[in-house]
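Reviewing the structure listed below.
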Amino acid sequence: MIRYSLGQDLVFIILALIASFALLSKNAVVSIAFFALAIIFVLLEDRITEYIRSA
């Protein structure tokens, strides 16, 4: 079961905004990197949350 929190939503939004602003400034490498980070964050958010809780 995926539970979304405000913090997780904000992290995704920030990563996606950085990617879009980098794309607008025609910096494709930075845009691709942050877009990939946003997608990886969504895929691994449960593992990241459990890791942070166990620390």
Side-chain angles (χ1 to χ4, degrees):
M1 180 176 174
I2 297 175
R3 286 174 263 125
Y4 292 102
S5 70
L6 181 61
Q8 289 172 331
D9 290 343
L10 286 176
V11 169
F12 176 75
I13 289 170
I14 289 169
L15 290 172
L17 282 174
I18 291 172
S20 64
F21 287 141
L23 190 59
L24 285 174
S25 67
K26 298 180 182 178
N27 196 341
V29 175
V30 174
S31 179
I32 291 169
F34 277 99
F35 182 73
L37 281 175
I39 298 299
I40 290 170
F41 177 76
V42 169
L43 294 175
L44 301 176
E45 66 186 347
D46 290 332
R47 293 182 188 168
I48 293 169
T49 304
E50 289 300 320
Y51 178 75
I52 291 173
R53 286 183 186 163
S54 68

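Computed from a predicted model, the values in this text were never measured in an experiment.
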Quiz item: Among the clusters formed by ILVMFWY side chains lying less than 4.5 Å apart, do Leu15 and Leu44 turn up in the same one?
Solution: yes
Quiz item: Quick one: do Arg53 and Glu50 make a salt bridge, cutoff under 4.0 Å?
Solution: yes
Quiz item: Between Ala16 and Ala38, which heavy-atom pair has the shortest distance, and what is it?
Solution: N-CB, 4.4 Å
Quiz item: Atom CD of Glu45 and atom CD1 of Ile40: how far apart are they, to the nearest 0.5 Å?
Solution: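 If we round to the nearest 0.5 Å, Glu45:CD and Ile40:CD1 are 13.0 Å apart.
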Quiz item: How many angstroms lie between CD1 in Ile14 and CG in Asp9, if you round to the nearest 0.5 Å?
Solution: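 That separation rounds to 11.0 Å.
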Quiz prompt | Candidate list Phe41, Phe35, Phe34, test side chain to side chain contact (heavy atoms under 4.5 Å, CB included), partner Leu37, passing option | solution = Phe34
Self-check item: Ala19 backbone acceptor or donor facing Ser31 side chain under 3.5 Å
Solution: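 Yes, because the side chain of Ser31 sits within donor-acceptor range (under 3.5 Å) of the backbone of Ala19.
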Practice problem: Starting from Leu17, walk the hydrophobic network (Ile, Leu, Val, Met, Phe, Trp, Tyr; side-chain heavy atoms closer than 4.5 Å) and list everyone else you reach, by chain and number. | Solution: Ile13, Phe21, Leu24
